There are 2 protein chains.
Amino acid sequence: MAKLIENQLDNVFFALSHPTRRQMLDRLIDSDLSVTDISRGYNSSGPTISKHLRVMESAGLIQRTKRGRVHWVQLKPEPLKGVGDWMTQYKKFWDISLSSLDSYLNKISRKKEK
Amino acid sequence: MAKLIENQLDNVFFALSHPTRRQMLDRLIDSDLSVTDISRGYNSSGPTISKHLRVMESAGLIQRTKRGRVHWVQLKPEPLKGVGDWMTQYKKFWDISLSSLDSYLNKISRKKEK
DNA sequence: TATTAACTTAGCCATTTGGCTAAGTATTAT
DNA sequence: ATAATACTTAGCCAAATGGCTAAGTTAATA
């Protein structure tokens, strides 16, 4: 079971190791996109795009839903939490007070004070 | 230049995509280790361990220093900051108040209040 | 109904990965 | 001086990756 989670983490990190895939995920933050939308800007072939999507789907980072002839792609960010959890062990090494995380943390703690 | 950073991020994510390598890094948090120390517990061959180390070295995650015949391996966590930065875009999706990050954040803000 | 559009699947190819063994290269110990 | 230790490099292998084209499949349009 923890084995499955480990393996999931492998897949997630691997999915993130390709710049095209990271960029695709970035684009999906704002809204769901069709496969055609996603492929816009790359001059890769359809099947190549499709393979990238499959890699991310295996990692659980996206979900595809077919509506008519259009396949809609939705970001599923949950697996990224696993990455975040793994990262926490290392946070003490970052100069966290300078990191971009900092402003976020401030926001959080302000919210808590309410 | 930003291109180089992108590429570095590819290497970092890739390095993290193998459980053995993640575990090696975890072990390096507490102290520097010799290659022999690191290989303890795996039944992989020397060259296999060596290759894993090379992958992490390429990603900038470790540094090897030879002292006598012993090669000491040191964690270089800086590249992980790149991962953290990339992740911040997605933090809004995690239920951050429940995450293990939370306790860390509290510690930080307490420190700030002093 | 025939064509076009939006995809995926099948299958090819070169390269990389992750494992191995065998053979180096230093350095330390006997 | 020899042997053992701590590695790495060279080179092999099977499997996976990332790219392609060609050929599906399914749904919308003309």
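The sequence lines fix the lettering, A, B, ..., with proteins before strands; numbering per chain opens at 1. All figures in this text were calculated on a predicted structure; none of them were measured in a lab.
- Looking at the side chain of B/Val35, the nearest of the listed nucleotides C/dT9, D/dT8, C/dG18 is D/dT8.
- At the phosphate of D/dA6, neither OP1 nor OP2 sits under 4.0 Å from any side-chain N or O atom of B/Arg67.
- Nearest-nucleotide assignment on DNA chain D puts the 5′-proximal partner with B/Ser34, out of A/Phe14 and B/Ser34.
- Looking at heavy atoms from C-beta onward, B/Val83 lies out of side-chain contact with A/Tyr90 at the 4.5 angstrom threshold.
- Between A/Ser45 and D/dC20, a side-chain N or O to OP1/OP2 separation shorter than 4.0 Å is present.
- A 4.5 Å side-chain heavy-atom check between B/Leu25 and B/Leu16 finds at least one atom pair inside the cut-off.
- Rounded to an integer number of Å, the gap from B/Arg22 CZ to C/dG18 P is 12 Å.
- Near DNA chain D, meaning a heavy atom under 4.0 Å from it, residues 46-53 of chain A has A/Pro47, A/Thr48, A/Lys51, A/His52 in order of number.
- Closest-nucleotide positions on DNA chain D for B/Trp72 and A/Thr20 were compared, and the one nearer the 5' end corresponds to B/Trp72.
- Considering only side-chain N and O atoms, A/His18 lies nowhere under 4.0 angstrom from the phosphate OP1 or OP2 of D/dT17.
- Side-chain proximity of B/Val55 to C/dG18, D/dG18, C/dT21: nearest is C/dG18.
- For the salt bridge (Lys or Arg N to Asp or Glu O under 4.0 Å) test, residues two or more places apart in sequence or in another chain that qualify with A/Arg22 are B/Glu6, B/Asp10.
- Rounded to whole Å, atom P of D/dG18 lies 17 Å from atom CG of A/Asn43.
- The CZ-P distance, from B/Arg40 to D/dA6, rounds to 9 Å in whole Å.
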Pairwise N/O distances under 3.5 Å, protein to nucleotides 24-26 of chain D:
residue	atom	partner	partner atom	Å
D/dT26	O3'	A/Lys66	NZ	3.4

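- Proximity of A/Met87 to B/Met87: side-chain heavy atoms (C-beta onward) are nowhere separated by under 4.5 Å.
- Each of A/Arg64, A/Lys76, A/Arg21 was checked for a salt bridge (Lys or Arg N to Asp or Glu O under 4.0 Å) with A/Glu57, and the lone residue meeting it is A/Arg64.
- Residues satisfying the salt bridge (Lys or Arg N to Asp or Glu O under 4.0 Å) test with B/Arg27, not counting sequence neighbours, are none.
- Taking the side-chain contact (heavy atoms from CB on, under 4.5 Å) definition, one finds that A/Gln23 meets it with A/Tyr42, sequence neighbours left out.
- B/Asp37 comes within contact range of no nucleotide atom at all, as no heavy-atom separation falls under 4.0 Å.
- For the salt bridge (Lys or Arg N to Asp or Glu O under 4.0 Å) test, residues two or more places apart in sequence or in another chain that qualify with B/Arg40 are B/Asp37.
- When rounded to the nearest whole Å, the span between CG of A/Asp10 and P of C/dT17 equals 16 Å.
- Straight-line distance from the OH atom of B/Tyr42 to the C1' atom of C/dC20: 19 Å, rounded to whole Å.
- Remark: side-chain polar atoms of B/Ser17 are paired, donor with acceptor, to backbone N or O of B/Phe14 under 3.5 angstrom.
- Taking only side-chain nitrogens and oxygens, A/Arg64 comes nearer than 4.0 Å to OP1 or OP2 of C/dT8.
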